[in-house]
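Taking it in order: structure first as structure tokens, then the write-up.
Values below: every heavy atom of this structure, side chains too, minus hydrogens, waters and symmetry copies. This chain uses plain numbering: 1 for the first residue, then up along the sequence.
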Amino acid sequence: MYIPKSMKTKIANTFYDKTVEIMDKENIIDAEGGVISRGLTVVDSFNGNVSFSNCKKIQEEYGLDYEIDISITADNETNISINDMIKYNNIVYNVTDVLPTDSHILIVAVKWRQ
């Protein structure tokens with residue numbers, strides 16, 4: 001289904017009202033050889049529709065076999081990838097899936113333990 005740019009703009013202006021930050025990711029190898037990843041600084045941001053309430057439904061609908069903590073819908077042109085670290089409301093999350101649809105992408109993530 002073709003979605004005109006004017007419709008995407010209206011959707012973005014109406015629903016994508018939260019700012020999500022993309023964090024720089026640093027990998028550190030500890031003394032035992034374990035890899036520790038952490039987000040240090042903000043390198044980019046995007047606007048999206050953030051939800052915490054429909055995570056269980058998304059897990060069932062997409063067949064995800066792990067618990068998710070946050071879901072975000074955003075514009076298809078948002079530059080985000082699996083394993084990116086994002087920050088919303090001072091909580092850091094690790095992106096586990098980026099699921100495209102006709103009109104937007106669905107980003108799901110789990111809380112990152114620092």
Side-chain angles (χ1 to χ4, degrees):
M1 177 176 162
Y2 173 73
I3 310 255
K5 185 137 181 93
S6 61
M7 182 177 170
K8 288 183 180 185
T9 303
K10 291 280 188 196
I11 290 170
N13 291 340
T14 303
F15 295 105
Y16 303 157
D17 60 342
K18 305 293 188 280
T19 300
V20 179
E21 299 171 325
I22 301 173
M23 309 298 289
D24 184 19
K25 188 173 182 180
E26 178 185 48
N27 292 327
I28 300 169
I29 299 177
D30 66 14
E32 298 172 354
V35 177
I36 301 169
S37 297
R38 62 181 178 175
L40 299 175
T41 57
V42 176
V43 293
D44 202 358
S45 66
F46 64 92
N47 288 334
N49 184 12
V50 176
S51 178
F52 301 100
S53 62
N54 63 348
C55 292
K56 197 66 157 174
K57 180 180 176 188
I58 290 171
Q59 286 171 227
E60 292 171 4
E61 188 174 317
Y62 287 94
L64 304 177
D65 60 353
Y66 56 90
E67 300 280 326
I68 60 175
D69 297 311
I70 189 171
S71 66
I72 306 165
T73 54
D75 186 82
N76 275 329
E77 296 174 16
T78 302
N79 188 17
I80 191 83
S81 301
I82 294 172
N83 288 325
D84 279 352
M85 295 179 79
I86 57 174
K87 185 177 184 180
Y88 176 72
N89 235 10
N90 290 322
I91 299 173
V92 177
Y93 298 90
N94 186 45
V95 175
T96 56
D97 282 287
V98 179
L99 307 162
T101 67
D102 288 344
S103 61
H104 62 276
I105 58 172
L106 173 64
I107 303 160
V108 293
V110 294
K111 284 183 184 174
W112 185 255
R113 294 173 189 96
Q114 293 191 15

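For residues 56-69, the pairs satisfying side chain to side chain donor-acceptor pair (under 3.5 Å) are Tyr66-Thr96, Tyr66-Asp97, with sequence neighbours left out.
Ile70 and Leu64 fall into different hydrophobic clusters, defined by Ile, Leu, Val, Met, Phe, Trp and Tyr side-chain heavy atoms under 4.5 Å apart, directly or through other members. Hydrophobic clustering, with ILVMFWY side chains joined whenever heavy atoms are under 4.5 angstrom apart, keeps Val43 apart from Trp112. Cluster annotation: Val110 is connected to Val108 through the hydrophobic network of ILVMFWY side chains, with a link wherever side-chain heavy atoms come within less than 4.5 Å.
One finds the CG atom of Asn54 at 9.0 Å from the OG1 atom of Thr73 (value rounded to the nearest 0.5 Å). We find the CG-NZ distance between Asn47 and Lys18 to be 10.0 Å, quoted to the nearest 0.5 Å. Separating the CZ atom in Phe52 from the CD1 atom in Ile68 is a distance of 11.0 Å, to the nearest 0.5 Å.
When each of Val20, Ile22, Asp24 is checked for a side-chain contact (heavy atoms from CB on, under 4.5 Å) with Asp44, only Ile22 meets the rule.
Among all heavy-atom pairs drawn from Ser71 and Cys55, the shortest one is N-SG, 4.4 Å. Pro100 and Ile105 get closest at one heavy-atom pair: CA-CG2, 4.1 Å.
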Solution key, residues 76-95 side-chain donor-acceptor pairs under 3.5 Å, sequence neighbours excluded:
from: Asn76; atom 1: ND2; to: Asp102; atom 2: O; distance (Å): 3.3
from: Thr78; atom 1: OG1; to: Asp75; atom 2: O; distance (Å): 2.7
from: Asp84; atom 1: OD2; to: Ser81; atom 2: N; distance (Å): 2.9

